[in-house]
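Worksheet: one structure, shown below.
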Protein chains: 2
Amino acid sequence: MNISQLAEHLGLAVSTVSRVLSGNAEKYRISNQTADRIREAAVLHQVVPDPLGTSLRKGKSGMIGLLVPDITNPFFAHLARAIELHLRKSRIAVQLCDSAEDPETEMELLENLLQRRLDGMILAPVGVESESLARCLEGSPMPIILMDRIVSGVALPSVSLDHFAAGKLAATTLLQSGHSHLGCLRGSPQSSADQGRLAGVEEAVREWKSPAHLTVKGSGYSLEKSLSEAQALLSCNPRPTAILTLTGQGTLGILNRANDLQIRIPEELSLLAFDEQPWSRLVSPPLATISQPIEKMATRATELLIEALEKGKKQPPPQQILYDAELQLRKSVAHFSADAD
Amino acid sequence: MNISQLAEHLGLAVSTVSRVLSGNAEKYRISNQTADRIREAAVLHQVVPDPLGTSLRKGKSGMIGLLVPDITNPFFAHLARAIELHLRKSRIAVQLCDSAEDPETEMELLENLLQRRLDGMILAPVGVESESLARCLEGSPMPIILMDRIVSGVALPSVSLDHFAAGKLAATTLLQSGHSHLGCLRGSPQSSADQGRLAGVEEAVREWKSPAHLTVKGSGYSLEKSLSEAQALLSCNPRPTAILTLTGQGTLGILNRANDLQIRIPEELSLLAFDEQPWSRLVSPPLATISQPIEKMATRATELLIEALEKGKKQPPPQQILYDAELQLRKSVAHFSADAD
DNA sequence: TACCCATGAACAAACGTTTGCGCGAATCGA
DNA sequence: TCGATTCGCGCAAACGTTTGTTCATGGGTA
């Protein structure tokens, strides 16, 4: 039963029912008597204004798109959950899309989402530079908030970790523990997040008070790739005394290979990992991590989006909002003593 | 620009443009000349039929709801990803909802989804019995496919692991390795999945050729709970020589506490865990797991749903579709030798 | 020439809302 | 008692499609 049928049933006009059911009873001066009658009948017959009709009339779908590279990645899963929760409070639904870290899929999904005339969208891009992607985003008719990674050449508001500062913090932490040869396992060289983190690491090493050396390995997010790159990094001669991993998979790769090679952590190798995982503090030794304030970032992004929606779907100013990483110092990072090597 | 503006621009009727753009040109015998002219203009002006209008007219939103207890749980994340991928091929979008393992939130979300007049929905219930939940599902106007867990008292089609058989397989595996005292760390006693698994375990123990003993601990999915329950299980006297964990958190709990107590795996304790995780084969020793054929289940569930959608949104017959678990036997399970205890 | 039929496209109703406007009735001040 | 205001609600248009029906045109046959 829809509201016009309910109106007929009650002998009232559709407009009256609509006004009451959409909470505008007093605004249009519907008498309490009539309003209550409508409300009662509505709950009795389980009548709710059809969102399709509402959307069409209002020109809003009440839905935003969330496009992530990999919902299977705990970081994005947490992000998605927080975003959905926040938007729910504003009665906005979330359409989920997973681009599987593939730029082409991402492009298709993006076009699809734009066609669907959603109210807005939160996008965590795969991170590969693409002219067509940039053009597609540039001319978007809806507000778009970028998360985690940015798209070069596009002026869009973004919410992310201060990757540069985080990388610097991580490297400095290891340097301060006495390590002078750092290893770094990166993810994709394409990703702006990785680029930022690595740049931070490099600057920390460059600015360190005494000479320090940095070995960088890795490319890609797959587990197989991470394993072989971890192997490569651990086989360096001389081997780094401390390793920083920029991705979750990379961390698993190092943990696994170090175990195979019987390298003791932290006695022979210190390990600091990006992204806190559920098991980080449970493995042995507990893993020191650089964690992201996921909740805060999700909150900020949704606030930005909601604000844009209320201001008539206009794009908010292209500010870059950065958050500081949090260092969880645990036993996997130890002070370097020369006799171990 | 919408199709009516495009029609006006071309000096044609809206209906003609609509027929061409929705791919029904020849069905309504639009001349190739006209059709091509429309198509060209459409790509030029980036005109696509507005899904809102289409939805309203057709009475379909082209969108289904996916309600999971915790998208942060890798199992559900994988499920969500596979489901979204499959439905995308049929041009169906997915609205994501996360109930945070909370029955009340689940109930609210469910009502919300039902109101949104989606085309259908895939539901992985929290698993707590609830009269109102059952009633809500029973009278649903859209097809609903249950996943992973079932809701007692409701005749809905479901796709899930054969939890009972999986539990039996797991327990039998441990018994066959010579263990006669099994420990089991469960999740929530409310969950039909856990109930099934545990029942399978109990039957395996009961039917085993020689006397065997089973100690069951655990309740809830939180990490803290899992840690304390793991502690309790490992502190039993006598301690089980093999432990089966029914949840991911439980596995982490056992791994952590075993490490604290300096219990060597598998020499002093065999461990078999439900649900394959990205790190399962990477920890030391590699973890034996009972894995679920997530892809297959997701495929089947979406097939069921799509079929129902094509048959006019009617509920498919309430069949229960079960899949067999797959045993990944790894080094964390060892043959029991009496001298170790 | 008159008729029929196939062709190609327009007309209009319907999907379910929201909302500016208007209208009759009741209330009020003078 | 009368004009002016307020109150309570209905009317109708509009949002953007889809689709059954109609209509004009032209070619073919009788």
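This one's a predicted model, so the numbers in the text were calculated from it and none came from an experiment. We name chains A, B, ... by the order of the sequence lines, and we start the count at 1 in each one.
Nucleotide D:dG16 holds its C1' atom 16 Å from the CD atom of A:Q115, rounded to whole Å. Note: CG (A:D50) to P (C:dA14) measures 18 Å, nearest angstrom. Note: CD1 (A:I3) to P (C:dG16) measures 10 Å, nearest angstrom. The distance between atom CG of B:L12 and atom P of D:dC23, rounded to the nearest whole Å, is 20 Å. Between A:L56 atom CG and D:dG16 atom C1' there is a gap of 6 Å when expressed in whole angstrom units. Protein atom CG of B:L21 is 15 Å distant from nucleotide atom P of C:dA9, rounded to whole Å. Atom NZ in A:K27 sits roughly 16 Å away from atom C1' in D:dG8 (whole-Å rounding). The CG atom of A:N24 sits 15 Å away from the C1' atom of D:dC9 (whole-angstrom rounding).
Using a 4.0 Å cut-off on heavy atoms, the residues of residues 32-48 of chain B that approach DNA chain C are B:T34, listed by number.
The nucleotide whose nearest atom lies closest to any side-chain atom of A:N2 is, among D:dT19, D:dT17, C:dG16, C:dG16. The listed nucleotides are C:dA12, D:dT17, C:dT17; the one nearest the side chain of B:S15 is C:dA12. When distances are taken from the side chain of A:A13 to each of D:dG10, C:dG16, D:dT17, the shortest belongs to D:dG10. Here C:dT7 is the nucleotide among D:dC15, D:dC7, C:dT7 with the atom lying nearest to any side-chain atom of B:R29. Considering only the side chain of B:R19, C:dA10 comes nearest among C:dA10, D:dT6, C:dG8. Closest approach to the A:T16 side chain among C:dC15, D:dC9, C:dT17 is made by D:dC9 (side chain taken as heavy atoms from C-beta onward).
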Distances under 3.5 Å between protein N/O atoms and the N/O atoms of nucleotides 26-29 of chain C, please, pair by pair.
none

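Judged as a side-chain contact (heavy atoms from CB on, under 4.5 Å), and not counting sequence neighbours, A:E108 has no contacts. Remark: A:R19 pairs with no residue by the salt bridge (charged side-chain N to carboxylate O under 4.0 Å, His left out) rule, at least two apart or across chains. With sequence neighbours left out, B:H9 forms a side-chain contact (heavy atoms from CB on, under 4.5 Å) with B:H45. Scanning for side-chain contact (heavy atoms from CB on, under 4.5 Å) contacts around B:S90 gives B:I92, B:I306, with sequence neighbours left out. Every residue two or more places apart in sequence or in another chain that forms a side chain to side chain donor-acceptor pair (under 3.5 Å) with B:E84 is listed here: B:R88. For A:P316, the side-chain contact (heavy atoms from CB on, under 4.5 Å) test picks out A:P143, A:I145, A:P157, A:A308, with sequence neighbours left out.
Ionic pairing of A:R149 and A:E101 is present here: one or more N-O contacts between side-chain nitrogen and carboxylate oxygen are shorter than 4.0 angstrom. Look at B:D98 and A:R81 and you find a salt bridge, because one of the NZ, NE, NH1 or NH2 atoms lies within 4.0 Å of a carboxylate O, short of that distance.
Between A:S130 and A:S132, the side chains place a donor N or O and an acceptor N or O closer than 3.5 Å (distance only, hydrogens not considered).
Applying the ring pair (Phe, Tyr, Trp, His ring centres under 6.0 Å) definition to pairs two or more places apart or across chains, none involves residues 95-147 of chain B.
In this model, no side-chain donor or acceptor of A:S31 finds a partner on the base of D:dC9 within 3.5 Å.
The residue among A:K58 and B:G53 whose nearest nucleotide of DNA chain C is located toward the 5' end is B:G53. Between A:Y28 and A:L52, the one whose closest nucleotide on DNA chain C sits nearer the 5' end is A:L52.
In this structure, B:S18 reaches the bases: a heavy-atom distance under 4.0 Å links it to at least one base atom across the strands shown.
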